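To start, the structure under review is shown below, and the notes come after it.
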Amino acid sequence: MSTVFEKALCKRIKETPPSKIRKFFDLVVSTPGVISLGVGEPDFTTPWHIREASFYSLEKGYTTYTSNKGLIELRRAISKYLTKFDLEYNPEDEVLVTIGVSEGVDLAMRALVEEGDEILVPDPSYVSYSPLIGLAGGKAVPLKTSGKDNFKLTPENLEAAITPKTKALILTFPNNPTGAILTKPELEKIAEIVIRHDLIVISDEIYAELTYDDVHTSIASLPGMWERTILLNGFSKAYAMTGWRIGYACGPETIISMMNRIHQYSILCAPVTGQLAAIEAIENGYKEMREMVISYNYRRNSMVSGFNRIGLDCGLPQGAFYAFPSIKSTGLSSDEFAEKLLVAEKVAVVPGTAFGEMGEGYIRCCYASALSDINESIKRMERFMQNLDKDTQKVSNQ
Ligand code: PLP
């Protein structure tokens, strides 16, 4: 340990907790023979023609920086693609190519947040928002969602959380970890409140293509919302491209130019090979993407019916690729359940509390995993619950 750096570190980073998901994965990696339902990424490799486009680009010598905002061909393709959600963005100055949605969230926070601003974040939701708000000097305010409302954000909860310091709301549906979506009529109610209180929306729509029974609606497409929304999306989930690190942010030129100002100093541009692969994905990747979604849908149904059969109450997730069963019947906390299950049965799941306080009593299980692994892990969970003594909370084969 360096005491010099201990003194030099800024308070904001010292106050930022490490990601609970990462901590849990360290444990998983050190346990041999584990079936992991923990990682939130597709089990598919990026489709061949997308990989091939990147090989050709390297062969042709495309190895330089691009424009800060990203290749204009990619921005044009993104702009064209988004018309399917009734969205119109000018590729010249309303689209910014980022290093995944992750960078988009960071840029949005750094461009918007002043010391003490409150940003509303659905709880539970993806792990990055609150730390990035804190690092930008803001205060993340949890917006509670609960199993009894299928983890949907309700207008009542939103209204109750707004204070004079509220600047923005993060919307993140389809949701990681709950799989909840918001339908158009539900979004219309949220939009009415947002407009009335003059708030900004940062809408993380990374799972927009991964819906099963309903078509995704973007809040930015509703009347009066385009001008107050930063839309974030990317290639990681829909096209099985997590490692390529390509995402995008869209919105009015006023905000995109300021996000680009941070991006041009801190990142310069997203990697050119990934950008060229992304053009191939968005222009020609629809067929494979739909095949992946059909496969997730099948696995979703298998996993959810398996959980309900063994006594873990689980609603049918409407989007993304996560099931979020309740483990309350076991009497264990989410952390205890995940840890004991890992030790006793070598199945890795993520405790719901990694995504916020409202995740207590739940675990996140990713169904973008092999069907054989899903079936085997459900068998192991069933045995785990049979061996669990509810009074002593000990597992008999441990
Ligand atoms: N947003 C959500 C809701 C996610 O679940 C994830 C990854 O799990 C990300 C953003 C990160 O996306 P990217 O790979 O584009 O940085």
Side-chain angles (χ1 to χ4, degrees), residues 82 85-87 89 98 101-102 104-109 111-113 117-130 132-133 138 140-146 149-162 166-211 214-234 237 247-252 255 259 317-320 322 355-356 358-359:
L82 289 173
F85 298 113
D86 291 328
L87 295 168
Y89 292 101
T98 56
V101 169
S102 306
V105 176
D106 188 36
L107 295 178
M109 293 311 146
L112 285 174
V113 171
D117 280 348
E118 293 180 358
I119 311 291
L120 305 177
V121 184
D123 177 351
S125 65
Y126 181 53
V127 295
S128 287
Y129 310 124
S130 300
L132 292 177
I133 293 166
V141 176
L143 263 180
K144 294 185 178 171
T145 65
S146 90
D149 303 317
N150 296 324
F151 291 103
K152 284 175 184 282
L153 174 58
T154 64
E156 298 73 35
N157 283 0
L158 172 59
E159 191 88 62
I162 295 172
T166 309
K167 181 173 265 181
L169 156 70
I170 293 191
L171 272 192
T172 174
F173 296 92
N175 182 273
N176 171 9
T178 64
I181 62 158
L182 291 181
T183 60
K184 191 169 180 196
E186 288 160 347
L187 282 169
E188 281 166 348
K189 291 191 188 137
I190 303 290
E192 186 276 315
I193 299 170
V194 164
I195 294 170
R196 184 155 39 82
H197 290 273
D198 196 17
L199 302 180
I200 298 291
V201 169
I202 297 117
S203 187
D204 178 347
E205 301 183 19
I206 194 163
Y207 296 104
E209 291 287 359
L210 275 69
T211 57
D214 241 305
V215 182
H216 176 73
T217 302
S218 172
I219 194 160
S221 69
L222 301 182
M225 287 306 301
W226 185 93
E227 51 269 51
R228 56 177 69 248
T229 302
I230 302 173
L231 170 83
L232 303 177
N233 202 338
K237 313 289 174 168
Y248 50 92
C250 302
I255 182 69
M259 288 168 66
Q318 296 297 303
Y322 310 102
F355 307 92
M358 296 305 286

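Keep in mind it's a predicted model, so treat the numbers as computed, not measured. Atom set for the values below is all heavy atoms of this structure, side chains included, hydrogens, waters and symmetry mates excluded.
Rounding to the nearest 0.5 angstrom, the gap separating the OG1 atom in Thr183 from the NZ atom in Lys189 is 8.0 Å. Arg196 CZ to Ile162 CD1: the interatomic distance, rounded to the nearest 0.5 Å, is 7.5 Å. Summarising the geometry, atom CG belonging to Leu171 is positioned 11.0 Å from atom CG belonging to Leu231; distances are rounded to the nearest 0.5 Å. In this structure, the separation between CG on Leu153 and CG on Leu187 is 9.0 Å, given to the nearest 0.5 Å. Taken to the nearest 0.5 Å, the NE2 atom of His197 stands 11.5 Å off from the CG atom of Leu169. The OH atom of Tyr129 sits 13.0 Å away from the CG atom of Asp106 when rounded to the nearest 0.5 Å.
Thr178 has its side chain out of reach of Pro317: every pair of non-hydrogen atoms, C-beta onward, lies at least 4.5 Å apart. With contacts defined as side-chain heavy-atom distances shorter than 4.5 Å, the pair Pro252/Trp226 qualifies. Looking only at side-chain heavy atoms (C-beta outward), Val201 and Ile190 stay at 4.5 Å or farther from each other. Taking the side chain as every heavy atom from C-beta outward, Ile119 and Leu112 never approach each other to under 4.5 Å. By the 4.5 Å heavy-atom criterion applied to side chains, Glu188 and Thr217 are not counted as neighbours.
The main-chain N or O of Ala220 is found under 3.5 Å from a side-chain atom of Ser218 such that the two form a donor-acceptor pair. When atom types are taken as modelled, the side chain of Asn175 and the backbone of Thr172 share a donor-acceptor pair closer than 3.5 angstrom. Using a distance-only test at 3.5 Å, with no hydrogens or angles considered, no donor-acceptor pair links the side chain of Asn157 to the main chain of Leu143. At least one donor-acceptor pair under 3.5 Å links the side chain of Asp204 to the backbone N or O of Ile206. Side chain of Lys167 to backbone of Leu199: no donor-acceptor contact under 3.5 angstrom is found. Between the side chain of Thr98 and the main chain of Gly247, a donor-acceptor pair closer than 3.5 Å is present.
Here the closest non-hydrogen pair linking Pro174 and Thr211 is CG-CG2, 3.7 Å. Residue Ser221 comes nearest to Leu87 through the heavy atom pair N-CD2, 3.6 Å, listed as atom of the first residue, atom of the second, then distance. Between Met259 and Ala249 the shortest heavy-atom distance is CE-CB, 3.6 Å. Between Ile181 and Lys152 the shortest heavy-atom distance is O-NZ, 2.8 Å. Of all heavy-atom pairs spanning Asn150 and Ala180, the tightest one is O-CB, 3.4 Å. Between Met358 and Phe151, the shortest heavy-atom contact is O-CE2, 4.3 Å.
There is a side-chain donor-acceptor pair under 3.5 Å between Tyr322 and Tyr207.
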Show the numbers, then the answer: is there a salt bridge (charged side-chain N to carboxylate O under 4.0 Å, His left out) between Arg228 and Asp198?
CA-CA 8 Å; Arg228 56 177 69 248; Asp198 196 17; 3.2 Å; yes

One pair to check against side chain to side chain contact (heavy atoms under 4.5 Å, CB included): Leu158 and Leu120. What are the steps and the verdict?
CA-CA 8 Å; Leu158 172 59; Leu120 305 177; 3.6 Å; yes

Can Leu82 and Cys250 be said to form a side chain to side chain contact (heavy atoms under 4.5 Å, CB included), step by step?
CA-CA 10 Å; Leu82 289 173; Cys250 302; 3.7 Å; yes

For the pair Val127 and Phe355, evaluate side chain to side chain contact (heavy atoms under 4.5 Å, CB included) and give the outcome as yes or no after the intermediate values.
CA-CA 6 Å; Val127 295; Phe355 307 92; 4.0 Å; yes

